[in-house]
Amino acid sequence: MKESKHTFDVVAAKNRCRKFRKRILDISQTVTALHIAPAFSCLEVVDTIYFGLMRRNLGKDSDDTFILSKGHGSLAQYVVLEELGVLKTEELDKYCKPGGHLATHPDYGLPGIEASTGSLGHGLGLAVGMALADKVQKKDRAIYVVMSDGELQEGSIWEAMMLAPTLGITRLVGVVDLNDFQSLGQTSKIHPNFYPVLDKVRAFGWEAIEVDGHDASAIYKAVMSGSGRKPFMLIARTTKGKGVTYMENVPIWHYRSPSPIEYQQAIKELESSAA
Amino acid sequence: MRNTFANAFYEIAKRDPRLFLVVADISPVASAAAFQKEYPERFVNVGVAEQVMVGVAAGLALRGCIPFAYTIATFTIYRPFEQVRVDCCYQNLPVRLVGIGGGVTYSTLGGTHHTQEDIAIMSAVPNMSIIAPCDPAETIAATHACIQVPGPVYLRLGKAGEPDLTSQAPEPFQFGKIRFIKKGRDACIISYGPITKMGVDLAQKFEEATGRSMAVVSAHTLKPLDREGIGSILSSYPLVVILEEHSCVGGLGAQVKQIAWDVRASCKLKAFSLQDKFIHFYGSQRELWAAHGLDEDLILSELENS
């Protein structure tokens, strides 16, 4: 990918992601339930895209685009947008509350939100349309789309996957948050033939690389290594609930708020990881 | 209508680079071929993949383009319904969803290719507008009107060979307004789409048989429906007739009955629609209408006694 930045400070990224996890935990104490583990699993991916890969502040019609197709991971995007000053803290404090505008799934038209998502399987098709418009209008903009692995069970994703290379789309970067969990269990058990994902994506005419999805440096380097001749898909191996041991790979944390004691325990673990 | 739409689209798209034609392996031929040849980058055939047809159209609209997504009506809005609802309507984007062969136009292709309930379904989704022109001239006007509508539009078209009904119309086409295409004093028939031709013929036969005059109205914009215009007809004609190629559930007939209650109408109101049943009968489009009671002679005899 052609990008303006050439380096990415992974230490700063690590510190930011720790801070983001704590912020999400703080928000969890103000609502009865939230998608905490799906946000934790894609946090390094979202952070690397916004702080390392995306070109921003060039103007509304020139900035790169980010779409969180796995809309239920919205908190990962909200905390990043808050850090960037795109979303106001007062707004995020009203998450899921009367008078607020931010809720479980991103809503098009809110600051920094470029598509309404939450129903799975929509983001990639929208992104292909946006990329096509950019290509025809000769605008050099990249579009980043973060999807979940369960989401790839939607046929619409594969319609878009088939179409993007056909249309000669090159400025499109998809990321699959491969955390191996969906609502009713492990993706690898529900659909064993889903794997290996990498081969399937490549067979559809994409460039694709698989990396540790919590390794910011690996994410950054993989995307930067793209030739720019095809659409690019990053298969990011992740851990659902990453960063808080008792949440990791435990399905219940897909949609639940920690109790005050669990909250303290999680904060303590995150703080000790900073040492 | 298909060719007329293609020609109108081509004329507008030549001047307006925001227009795209996104099709799912079905093309409106005529000038669409010229458009494809001259502007290949703005003609997209996604293949037999209607979800991404609508998704891509919405993505284009998110970038300020005006995409027309085009295929057979069932596949334009039923197959990718959630992309229509979420990508186009929820985000309120200027996507134009063109459905060719609305109603039972494809009479012998069977129920898989019929749209008997499309007006009801599209009417129920917020932000959606619906236009169903009655003849080629209205198709041109509707295609132009589409461009100005800020949100999504469902453009329900027939197929080909529809006769002219509006060249002598006393009123012009205006988006969101009903339109008299023939004046009359004693009764008024309101219709939309190609079946309006039957309405025009009925009006003539009704006048010959009864000596009473009958107006004909094209309610081309089904959403937003011109409630005021319809209310005024209900208040000023002793007999109002609805004729539509659509299920009795949630179509124009059902909506006019609601308006009639609201305006406390005292006129006689007769609604002729398709039944709430799939059609397992084959023949011409007119023969399918007749199978559901939309038969000119049958309706005439009922109106003569009204």
Side-chain angles (χ1 to χ4, degrees), chain A residues 60-67 69 71 105-110 113-143 145 147 151 154-169 171-172 204-205, chain B residues 13 16-25 35 38-69 71 75 79-97 126-127 150-152:
Chain A
K60 188 174 73 69
D61 295 327
S62 305
D63 283 356
D64 288 347
T65 296
F66 178 89
I67 296 174
S69 193
H105 300 113
D107 236 355
Y108 171 60
L110 296 173
I113 307 299
E114 308 215 36
S116 290
T117 55
S119 172
L120 297 175
H122 289 244
L124 198 60
L126 292 172
V128 172
M130 293 165 109
L132 175 64
D134 294 342
K135 182 171 176 266
V136 171
Q137 293 166 353
K138 302 195 174 12
K139 284 187 177 165
D140 181 34
R141 305 170 75 173
I143 301 168
V145 185
M147 293 161 280
E151 180 174 11
E154 295 283 3
S156 54
I157 291 286
W158 297 94
E159 289 186 10
M161 200 91 89
M162 184 164 57
L163 183 62
T166 304
L167 295 179
I169 302 295
R171 300 289 279 139
L172 176 58
F204 272 65
Chain B
D16 190 340
R18 295 174 301 168
L19 267 66
F20 280 69
L21 188 57
V22 187
V23 305
D25 216 35
F35 178 73
E38 289 168 41
Y39 307 98
E41 73 282 5
R42 289 195 280 140
F43 178 92
V44 184
N45 180 10
V46 301
V48 190
E50 292 81 8
Q51 294 186 79
V52 82
M53 173 184 76
V54 178
V56 159
L60 287 163
L62 281 165
R63 287 291 202 244
C65 304
I66 302 178
F68 282 67
T71 183
F75 312 131
R79 179 59 168 262
F81 177 71
E82 214 207 18
Q83 276 76 14
V84 170
R85 178 179 179 269
V86 175
D87 297 356
C88 303
C89 295
Y90 186 55
Q91 300 189 112
N92 200 14
L93 298 174
V95 175
R96 283 72 186 96
L97 299 150
N127 290 335

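First the proteins, then the strands, lettered A, B, ... as listed; each starts at 1.
- Here the CG atom belonging to L62(B) is positioned 9.5 Å from the CD1 atom belonging to I143(A), to the nearest 0.5 angstrom.
- Looking at A127(A), neither its backbone nor its side chain comes within 4.5 Å of chain B, counting heavy atoms on both sides.
- Contact annotation for V86(B): only side-chain heavy atoms (C-beta onward) come within less than 4.5 Å of a heavy atom of chain A.
- When A133(A), S116(A), G109(A), A115(A) are compared by the number of non-hydrogen pairs under 4.5 Å with chain B, S116(A) comes out ahead.
- Across G125(A), G155(A), G168(A), the residue that shares the most heavy-atom pairs under 4.5 angstrom with chain B is G125(A).
- Between Q137(A) and P17(B) the shortest side-chain heavy-atom distance does not fall below 4.5 Å.
- Between atom CD of residue E159(A) and atom CE of residue M53(B) there is a gap of 10.0 Å, rounded to the nearest 0.5 Å.
- Minimum heavy-atom separation, V128(A) to V56(B): CG1-CG2, 3.8 Å.
- Legend: residues meeting side-chain hydrogen bond (donor to acceptor under 3.5 Å, both in side chains) with R63(B), ordered by chain and number and at least two apart, are T65(A), D134(A).
- Proximity to chain A is limited to the side chain of V44(B), based on heavy atoms less than 4.5 angstrom apart.
- Contacts with chain B were tallied for M162(A), R141(A), K135(A); R141(A) has the most, counting heavy-atom pairs under 4.5 Å.
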Subject >> L126(A)/Q91(B) under side-chain contact (heavy atoms from CB on, under 4.5 Å): CA gap, chis, key distance, verdict >> reply: CA-CA 12 Å; L126(A) 292 172; Q91(B) 300 189 112; 4.1 Å; yes
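- Residues G121(A) and Q83(B) come closest through the heavy atom pair O-NE2, 4.4 Å.
- Heavy atoms closer than 4.5 Å to chain A are found in the side chain of R42(B), but not in its backbone.
- Atom CD of E82(B) and atom OG of S119(A) lie 3.0 Å apart (nearest 0.5 Å).
- Note: D107(A) leads D107(A), T166(A), L167(A) in heavy-atom pairs under 4.5 Å with chain B.
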